[in-house]
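Here the structure is laid out as structure tokens; the discussion comes afterwards.
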Amino acid sequence: MGANRKYLDHTVDLKRQDNGNLILTSGYRLEPSATNTGEWLHHWAKEAPSRVFIAERSGAGWRSETYFATLEKIRAIAASLIARGLDETTPILILSGNGVDHGLLSLAAQYAGIATVPVAEQYSLIPQARGRLVHAVELIKPAMLFADDGEKYEDAFSLDALVDIPVVASRPGLTRAIAFADLLKGDTSVDLDARHALVGPDSVAKILMTSGSTSLPKGVLTTQRMMCVNQTQIATALPFLKERPPVIVDWLPWNHVFGGSHNFNMMLANGGSFYVDEGKPVKGLFDKTIENLQLVTGSLAFNVPVGFGMLLKSLEHDDRLAQRFFENLDMLFYAGASLPQYIWKGMERLAMKITGSVPLLTSSWGLTETAPACTLQYQPPESSGVIGVPLPGVSVKLIPDPNPTDEKQRYEIRVKGPNIFTQYFKDLKKSAEAFDDEDFFLTGDAVKFVDPNEPARGLRFDGRISEDFKLTSGTWVRAGQLRLDLLAILAPLAADLVLTGQDRDKIGLMIFPNRDAITAAGFEISEAEGMVSDEALQAEIARRLADFSGRNSGSSSRIAFAVILSDPASFAEGEITAKGNLNFRTILDKRASIVEKLYTRDFNSKISIG
């Protein structure tokens, strides 16, 4: 699309309630949506039968399924599932990660009105994390389990809680496993069309497990309406999705709402092509992402900030890959956290150099319970961190913070709309507690206006309210936004960080280092007692933090001391959620001895800020 790329104008309506709360809505009306995901499949199988819908790596190339082939296969699988007695009361638990068979099974189950429950593959593959898998099984009580590789997941299938549940595997390798190929044979005795006709907007398509950062994961009942409406909302805000079929090469996990509902359904709803990237933005796997991008590049790019940081480094050193990456790119979309400004500017610079224009660099906001997108920045923003304005059909309630810490008013954000869930699975108490007396969903997040005088410029994410804490002086620390600010000034040396200070007199910092960036910058990493003690690196961190504190004189943002952790956050110990985010509460609990050292005595690894 190049320099002719056009974007929809932000249009919002703002009303003030008598109690001072604000209600923000879109100025665009919500268009009619599909009834179910099968409607999308039928449409594109007719309109673009030979177009690739989904593909995964196979040898030197790709194993791909066209829209026509996808519809045929999901109908056959759906008939097989029905013939085996599955219905809306018998969910299927999916243990393995993204892949063609995973996608086909999910759509087939939705076609037949059967819910799937994708869980993080780490729950099965990391022994210490299997408690989360057992919790999901005991909550959901699935009638079938699926994994792409029976042998790889054999230990998980052998757990007492799973041992009596039928297993389907693409590569069985397990005595009791049913071959996925058997499901593809279908069953002509089943009246599939009659069953599919019963699948309506209120049918449960998926049960998505929450991250479990504050309690055991809850099951979010995700209906066909939630998913279908959300894609209509997004396509209204991003008209280029309809102008040409989108293409993505994407790794974001399908057990999470963003990868599995937002990205997957965006391709299906708009006749796009989804190339599954088996790589990840971690050492040892990112090379696979680069290899895949050398074969196929997309019109949209989704990633988390650390992924875009690694990608930017590769693009800066590979002109040919950069040319391929940017030449057809309509949108670069970051999720999970704010994109550091140096990555933002780097992507802008490369795009301008190669194409003479910049794709939409943007983000949105939502949760597992909201399908997920509620707000979206669909006008090019000036900087990272902006989450935009409400999508059509979404009402946003903004409740003023009674204790503002700066000139811009902070708000608790709550939402209502047809893409919002209505209940958690088998938990009426938490379902009732999730909504206020006006039926707005309590998100627990905070926002600010980019410009209070111009609401149409959008909202900026300002952290989770539950992450805020109070110093003994009575000063509130807005931990979410402070963390983002600190990540920006410590980039790229810090991969992530955790703030300390709850019921203490000062703010401390535990830093997870970006080892590659530290080495590239010429620093060495010396370790002692689970911490990094390299003097030159400590001095650089201290300099940056002192400069930050000098520009932010208030006690709510002044860092007193810091420590660089040598041990990475552990998924097995619960320090990382299924989404890949840090679980701050667990990290503070697991590393309480380090926190105590920060506040009680000096030691070589402690960085004191002047």
Query raised in the report: Is the centre of the H42 ring less than 6.0 Å from the centre of the Y111 ring?
Result: yes
Requested in this report: For D9, enumerate each residue passing the side-chain hydrogen bond (donor to acceptor under 3.5 Å, both in side chains) test, keeping only those at least two apart in sequence or located in another chain.
Outcome: none
Query raised in the report: How long is the span from the NZ atom in K280 to the CG atom in N98, to the nearest 0.5 Å?
Result: 7.0 Å
Query raised in the report: Are more than 12 heavy atoms from other residues, nucleotides or ligands located less than 6.0 Å from atom CZ of F425?
Result: yes
Query raised in the report: Quick one: does N419's side chain get under 4.5 Å of Q233's, heavy atoms only?
Result: yes
Requested in this report: Could you tell me whether K416 and E369 make a salt bridge, using a distance below 4.0 angstrom between a side-chain N and a carboxylate O?
Outcome: no
Requested in this report: Check whether the ring centres of F274 and W254 lie less than 6.0 Å apart, and answer yes or no.
Outcome: yes
Report task. Inspect the contact between E65 and R63 and indicate whether a charged nitrogen and a carboxylate oxygen are less than 4.0 angstrom apart. Result -> yes
Query raised in the report: Would you call K152 and E154 a salt bridge, using N to O less than 4.0 angstrom?
Result: no
Query - Lys/Arg N to Asp/Glu carboxylate O, D87 vs R195, below 4.0 Å - result: no
**Report entry** Lys/Arg-Asp/Glu bridge criterion (N-O < 4.0 Å) met for R171, D149
**Finding:** yes
Query raised in the report: Does a donor on one side chain and an acceptor on the other come within less than 3.5 Å for T37 and Q110?
Result: yes
Requested in this report: Could you walk me through whether R75 and D193 pass salt bridge (Lys or Arg N to Asp or Glu O under 4.0 Å), step by step?
Outcome: CA-CA 9 Å; R75 282 179 59 86; D193 291 332; 3.0 Å; yes
Query raised in the report: Does the side chain to side chain donor-acceptor pair (under 3.5 Å) test come out yes or no for D101 and S170, once each step is laid out?
Result: CA-CA 7 Å; D101 290 348; S170 302; 2.6 Å; yes
Report summary line: Separation between CZ (F146) and CG (L104), nearest 0.5 Å, reads 9.0 Å
Query raised in the report: Using a distance-only test with no angle check, is there a side-chain donor-acceptor pair under 3.5 angstrom linking K206 and S261?
Result: yes
Query raised in the report: Above 12 or not: heavy atoms from other molecules or residues under 6.0 Å from CD of E316?
Result: yes
Requested in this report: Indicate, with yes or no, if the rings of F333 and H262 have centres closer together than 6.0 Å.
Outcome: yes
Query raised in the report: Could you give the distance from OG (S80) to CD1 (I178), rounded to the nearest 0.5 Å?
Result: 10.0 Å
Query raised in the report: Hey, which of T289, N303, D277 is the one that makes side-chain hydrogen bond (donor to acceptor under 3.5 Å, both in side chains) with W251?
Result: N303
Query - salt bridge (Lys or Arg N to Asp or Glu O under 4.0 Å) contacts touching residues 219-232 (sequence neighbours left out) - result: D202-R225
**Report entry** F421-F441 aromatic ring centre distance below 6.0 Å
**Finding:** yes
Query - Neighbour count >12 (heavy atoms, 6.0 Å) for atom NZ, K353 - result: no
Query raised in the report: Between Y67 and F53, is the ring centre distance below 6.0 Å?
Result: yes
Query raised in the report: Just checking, any donor-acceptor pair under 3.5 angstrom between side chains of D187 and S189?
Result: yes
